[in-house]
Amino acid sequence: MESNYLLQNKYKKIGWLLLILGLFGGIFMYATGFEPNEYIKVKVFSIYEDPIFGKSKFFTIVEKGIFDELVSILIIVGGLIVGFTKEKVEDEFIYKIRKDSLVWALIVNYIVLLVAVVFVYDITFLHVLFFNMFTPLIIFIIRFTVLKSKYLRHEE
């Protein structure tokens with residue numbers, strides 16, 4: 001099956017590297033409470049800034065810590081590369097596994113979100129929303145990898 005949206009297989013290793021670096025950075029930052037934004041401050045373009053004290057601004061340059069943004073970019077870009085690169089053998093069954101895994105990941109993601117809406121409140125809910133931004137990709141990659149390895153084991 002020919003899929004135009006898939007990258008060449010050679011990019012998969014780069015994707016895994018970016019994804020793992022992002023996950024380790026995010027887990028470290030969240031688990032330890034480490035605030036690296038105090039050390040990595042850069043002037044960046046902001047579409048909208050709403051400071052606690054002061055006037056809101058549109059389209060401005062602000063000085064911000066960017067470590068958490070870098071971690072998020074690594075996870076998203078790495079996850080997209082891992083999830084959407086061709087396998088060495090890309091056949092109809094791999095295409096079906098990929099499609100089914102993507103649908104399954106979205107359903108699980110929204111079930112988690114529904115449970116959080118009903119049972120989680122305040123700042124903890126914002127944490128759930130933040131993690132929920134990554135869960136479709138992570139669940140998709142895990143499910144696709146597990147199903148693909150089962151398929152390859154049965155084929156041997």
Side-chain angles (χ1 to χ4, degrees), residues 1-42 44-48 64-156:
M1 178 108 218
E2 189 63 33
S3 299
N4 295 343
Y5 59 88
L6 297 178
L7 298 169
Q8 295 177 2
N9 183 266
K10 65 183 179 183
Y11 296 112
K12 193 169 283 263
K13 288 180 183 174
I14 295 168
W16 277 114
L17 177 68
L18 296 175
L19 180 61
I20 290 168
L21 283 173
L23 288 173
F24 278 132
I27 291 168
F28 175 75
M29 193 173 64
Y30 188 75
T32 63
F34 180 62
E35 284 293 330
N37 288 336
E38 298 171 7
Y39 306 107
I40 305 174
K41 288 198 177 222
V42 179
V44 294
F45 175 74
S46 174
I47 294 174
Y48 178 72
K64 295 287 180 187
I66 60 167
F67 186 78
D68 48 350
E69 285 84 2
L70 292 175
V71 166
S72 296
I73 289 168
L74 287 173
I75 293 171
I76 292 169
V77 171
L80 286 171
I81 292 172
V82 168
F84 297 100
T85 51
K86 292 179 182 175
E87 297 301 314
K88 288 183 181 171
V89 176
E90 188 74 30
D91 59 7
E92 295 277 335
F93 192 69
I94 295 292
Y95 176 79
K96 182 183 177 338
I97 292 173
R98 187 184 309 277
K99 179 182 63 86
D100 291 349
S101 297
L102 188 56
V103 169
W104 195 84
L106 285 174
I107 291 169
V108 169
N109 182 66
Y110 280 103
I111 289 171
V112 168
L113 186 57
L114 280 171
V115 169
V117 166
V118 174
F119 296 111
V120 180
Y121 304 99
D122 300 325
I123 195 72
T124 307
F125 183 72
L126 288 176
H127 289 140
V128 171
L129 286 179
F130 178 74
F131 292 126
N132 201 252
M133 170 171 68
F134 304 113
T135 52
L137 268 176
I138 302 300
I139 293 169
F140 165 67
I141 290 168
I142 291 169
R143 178 146 171 97
F144 177 67
T145 304
V146 167
L147 291 177
K148 182 183 68 174
S149 65
K150 282 183 182 178
Y151 166 67
L152 294 176
R153 269 188 269 138
H154 278 323
E155 203 174 68
E156 292 174 352

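- Looking at Ile81 and Trp16, their side chains never come closer than 4.5 Å, going by heavy atoms from C-beta outward.
- Under the ring-ring contact (aromatic ring centres under 6.0 Å, His included) criterion, Tyr11 pairs with no residue at all, not counting sequence neighbours.
- Pro136 approaches Ala105 most closely through the heavy-atom pair O-CB, 3.5 Å.
- Considering only heavy atoms from C-beta on, Thr32 stays 4.5 Å or farther from Tyr30 through its side chain.
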- Check the pair Asp100, Phe144 against side chain to side chain contact (heavy atoms under 4.5 Å, CB included), reporting the backbone distance first and the verdict last. CA-CA 8 Å; Asp100 291 349; Phe144 177 67; over 6 Å; no
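- A distance of 7.5 Å separates NZ in Lys64 from OG in Ser46, rounded to the nearest 0.5 Å.
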Result block: side-chain N/O donor-acceptor pairs under 3.5 angstrom for residues 106-123, not counting sequence neighbours:
residue	atom	partner	partner atom	Å
Asn109	OD1	Asn132	ND2	3.0
Asn109	OD1	Thr135	OG1	2.4
Tyr121	OH	Val118	O	2.5

- Task: Would you sort out whether Phe28 and Phe67 count as a ring pair (Phe, Tyr, Trp, His ring centres under 6.0 Å), showing the intermediate values?
- Result: CA-CA 12 Å; Phe28 175 75; Phe67 186 78; 8.1 Å; no
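- Remark: Leu17 pairs with Leu21 by the side chain to side chain contact (heavy atoms under 4.5 Å, CB included) rule, at least two apart or across chains.
- Atom CG of residue Leu102 and atom CZ of residue Arg143 lie 11.5 Å apart, to the nearest 0.5 angstrom.
- Atoms CH2 and CD1, from Trp104 and Ile97 in turn, are 14.0 Å apart once rounded to the nearest 0.5 Å.
- Within a 6.0 Å radius of CG in Leu126, other residues, nucleotides and ligands contribute more than 12 heavy atoms.
- Arg98 places a side-chain N or O within donor-acceptor distance of the main-chain N or O of Gly83, the cut-off being under 3.5 Å.
- Residues satisfying the salt bridge (charged side-chain N to carboxylate O under 4.0 Å, His left out) criterion with Lys13, sequence neighbours excluded, are absent altogether.
- Classified by interplanar angle (parallel below 30°, tilted 30° to 60°, perpendicular above 60°), the ring pair Phe130/Phe134 is perpendicular.
- Between Ile73 and Leu18 the shortest side-chain heavy-atom distance does not fall below 4.5 Å.
- Looking at Lys41, its side chain never comes within 3.5 Å of a backbone N or O of Gly65 through a donor-acceptor pair.
- Residues Leu137 and Leu19 form no side-chain contact, since every pair of their non-hydrogen atoms from C-beta on lies 4.5 Å or further apart.
- Looking at heavy atoms from C-beta onward, Phe24 lies out of side-chain contact with Leu74 at the 4.5 angstrom threshold.
- Using a 4.5 Å heavy-atom cutoff, the side chains of Leu23 and Ile138 are in contact.
- For the ring-ring contact (aromatic ring centres under 6.0 Å, His included) test, residues two or more places apart in sequence or in another chain that qualify with Phe93 are Tyr151.
- When the options Ile141, Leu6, Leu7 are evaluated for a side-chain contact (heavy atoms from CB on, under 4.5 Å) with Phe84, the one that passes is Leu6.
- With sequence neighbours excluded, no residue satisfies salt bridge (charged side-chain N to carboxylate O under 4.0 Å, His left out) with Lys99.
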